[in-house]
Amino acid sequence: MTNRQVADILNRIADILQIKEENPFKIRAYRNAAQSIYYLDEDLRSLYKKDKIGDVPGVGRAVKGKIEELLEKGSMEYYENLLKEVPQGVLEMLSVPGIGHKMVKLIYEKTGIDNIDDLLKAAEEHRLREIPGIGEKTEENIKKGIEMLKKNRGKVNLGIALPLAEKFRDFLLEDERILAASVVGSLRRGKPLVNDIDILVAAEDYLAVHEKAEQFTEIKKINRKDKENVSGKLIFDIDFELIIVLPDDYYHSLVWTTGSKPHRAVLFSEIGRSSFRGAVSEKEIYEKLNMQFIPPELRENRGEIEKARLNELPVLVELGDIKGDLHVHSDWSDGAHEIMEMVRKAKEKGYSYMAVTDHSKSLPISGGLDEERLLAQGRVIDDLNLKIEDFKILKGIEVDILKDGSLDFSDEVLENLDIVVASVHSNFKMDKEKQTKRILNAIKSGKVNIIGHLTGRLLNRRSGYELDIDGILKTAARYNVALEINSHPERLDIDEETAFKAKEYGVKIAINSDAHNKEDLDLIRYGVINARRGWITPDDVINTWPYDKLVKFLKKE
DNA sequence: GCCGTTTTCGGCCCGACTGTTTTCAGTCG
């Protein structure tokens with residue numbers, strides 16, 4: 001039972017209590033406990049051994065007891081009983097955008113509908129609008145929401161799949177009979193949503209792979225197990241497949257199982273991959289095919305093969321190129337940690353600068369800053385900058401782009417900052433023309449350096465609003481405004497296609513974590529992967545630049 | 001259900017938008 005799983009269960013308890021309309025503060029208590037466990041540095045199991053679970057903030061006597069029961073027995077009586085009152089399928093209905101606990105309760109009680117499939121059917125047959133309180137529009141929104149969910153059903157984002165896959169791979173490599181292992185498939189290519197986890201494994205004895213794999217604690221079920229394959233389900237119901245090959249077949253199989261189908265089809269159209277038996281690297285194979293080594297993120301047959309033949313592939317940005325983070329929250333707004341804690345973590349990561357960009361006042365739920373608190377924060381940052389060495393904290397803001405495209409602070413206030421990230425956090429449902437104009441307004445203000453999470457998409461949850469991307473890129477280039485690649489695995493916004501286009505327009509990119517706690521600074525990794533899929537080079541990315549060059553860009557010099 | 005206290009009970013983030021209403025409840029960030 002991992003921290004994440006415990007946090008999930010506490011959240012589901014909160015969901016059930018909310019549907020049952022219990023005390024809102026009790027519900028929040030469960031959510032608070034879930035959140036702080038989710039972000040905990042230490043494993044709950046080791047805290048348990050030291051009897052320190054009660055020390056976790058938000059965990060009091062009652063929840064402590066329940067977590068201990070969960071860790072001891074793998075189940076919790078309180079939760080099991082709640083599930084009898086509100087079935088799992090009803091909880092899943094909560095994932096439909098636009099419907100919350102009240103409406104789920106209403107629908108469940110009035111119609112008995114207790115799963116998403118039946119809910120969709122009822123919406124299609126116009127049976128939902130018969131329920132008092134639900135009209136045509138709500139019904140239509142529910143239908144649309146479910147269709148979006150279904151499109152991505154079973155898909156899981158990089159932030160969940162990649163760490164789990166790497167953990168599995170490293171576990172396999174502990175066994176000395178397993179000579180090599182690599183994450184492959186669309187996950188290695190870095191696609192934002194993947195269907196499953198594929199790992200290529202080299203071993204002389206396939207039974208060794210079976211033996212070791214069976215001991216991986218995150219496996220829920222094994223469906224198939226033979227000479228070439230072990231497959232089944234991992235935690236969170238993620239499908240996995242281990243592809244077992246002999247050591248001599250490892251590298252050509254690595255190219256084969258990594259490449260998208262169109263990529264590998266072109267690659268091996270003339271020479272079969274078996275003629276590469278015994279190769280000692282992927283590079284060797286690409287060389288024998290008369291081309292440069294193609295990084296996994298580019299293997300989509302989108303022109304990379306032609307470029308590789310001409311020796312013209314771009315040198316892609318790498319995690320190690322990142323010199324700082326330009327979108328970071330602190331406990332001045334909705335971040336969890338103090339500025340100095342974020343700085344410490346940023347320094348650990350080898351950064352030389354970091355921008356503090358808390359929310360602005362129009363976002364009250366986030367504790368958005370008003371002019372006065374922004375000034376106070378600026379003074380604190382000035383002080384910190386005097387104390388720390390070899391590191392710069394930039395004074396910034398994530399300023400809200402209001403409905404009409406104006407910014408949440410006056411020009412004068414914004415001019416006194418080192419960096420301005422501007423983002424949309426409200427009115428997502430405006431039409432394409434208005435939404436585009438709104439963002440263009442922000443760009444044209446001349447006060448903005450970076451547009452944060454441009455489209456507002458949340459993978460698997462919410463599609464972004466429609467925008468005239470070309471119009472925005474053209475204007476951003478003219479006004480020296482960079483676009484953010486928001487690294488949060490649920491966002492990865494802008495996406496790879498827009499990043500690719502941005503480069504053509506000469507628009508610079510900022511790869512930002514949007515961290516709300518110090519651990520989140522590590523999310524930058526996913527943004528870098530996304531940038532690589534968009535063919536982005538270090539020079540395209542302003543936060544790979546040295547501080548002085550960055551400052552010139554920010555001052556629009 | 002948690003937390004903190006001039007310590008065992010009272011307080012615990014809010015505002016805008018949407019869709020359904022006919023003055024407001026639910027959802028979202």
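Values below: all heavy atoms of this structure, side chains included; hydrogens, waters and symmetry mates excluded.
- For B/dG1, one of the phosphate oxygens OP1 or OP2 lies less than 4.0 angstrom from a side-chain nitrogen or oxygen of A/K66.
- Residue-to-nucleotide contacts include a donor-acceptor pair under 3.5 Å from the side chain of A/N23 to the base of B/dG1.
- With DNA chain B read from its 5' end, the first of the two nearest nucleotides for A/G367 and A/A29 is the one closest to A/A29.
- For A/H101 and B/dG26, the NE2 to P distance is 13 Å, given to the nearest whole Å.
- Nucleic acid contact for A/D334: none, since no nucleic acid atom lies under 4.0 Å from a heavy atom of the residue.
- The distance between atom CE of A/M430 and atom P of B/dA16, rounded to the nearest whole Å, is 16 Å.
- With a cut-off of 3.5 Å on both pairing distances, the Watson-Crick or G-U wobble partner of B/dG26 is B/dC17.
- Comparing B/dT18, B/dG1, B/dG29 by their nearest atom to the side chain of A/H425 picks out B/dG29.
- A distance of about 23 Å separates the C1' atoms of B/dT21 and B/dC14, rounded to the whole Å.
- When the P atom of B/dC28 is taken as reference, atom CG of A/D400 falls 18 Å away, rounded to whole Å.
- As a whole-Å value, the separation of A/E140 CD from B/dT18 P is 17 Å.
- Note on A/G98: only backbone sugar-phosphate atoms sit closer than 4.0 angstrom, heavy atoms only; bases stay farther off.
- Here the C1' atom of nucleotide B/dG1 and the CD1 atom of A/I67 are 12 Å apart, to the nearest Å.
- Between A/H359 and A/H425, the gap from one ring centroid to the other is short of 6.0 Å.
- Within 4.0 Å of A/P97, counting heavy atoms only, lie sugar-phosphate atoms of the nucleic acid but no base atom.
- Applying the 4.0 Å criterion to OP1 and OP2 of B/dC28, one finds that A/S426 has every side-chain N and O outside that range.
- Mapping A/I131 and A/L363 onto DNA chain B by nearest heavy atom places A/I131 closer to the 5' end of the strand.
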What verdict does the side chain to side chain contact (heavy atoms under 4.5 Å, CB included) test give for A/T436 and A/I472, after you've listed the backbone C-alpha separation in whole Å, the side-chain angles of each residue and the deciding distance to 0.1 Å? CA-CA 7 Å; A/T436 302; A/I472 286 174; 4.2 Å; yes

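- Residue contacts for A/I99: at a heavy-atom cut-off of 4.0 Å it reaches the sugar-phosphate backbone alone, with no base atom in range.
- When the side-chain nitrogen and oxygen atoms of A/R31 are compared with OP1 and OP2 of B/dG1, none of them lie within a distance under 4.0 Å.
- Separation of the P atoms belonging to B/dT22 and B/dG26 is 14 Å when rounded to the nearest angstrom.
- Computed from coordinates, the A/Q35 CD to B/dC13 C1' distance equals 13 Å when rounded to whole Å.
- Note: CD (A/Q18) to P (B/dA25) measures 17 Å, nearest angstrom.
- Salt-bridge formation is detected for the pair A/E42/A/K50: a Lys NZ or Arg NE/NH1/NH2 atom is positioned less than 4.0 Å from an Asp or Glu carboxylate oxygen.
- Remark: A/K395 engages A/D382 in a salt bridge (Lys or Arg N to Asp or Glu O under 4.0 Å) (not counting sequence neighbours).
- Taking atom NE2 on A/H359 and atom C1' on B/dG15, their separation rounds to 15 Å, with Å as the unit.
- A salt bridge links A/E139 with A/R129: the closest approach of a Lys/Arg side-chain nitrogen to an acidic carboxylate oxygen falls below 4.0 angstrom.
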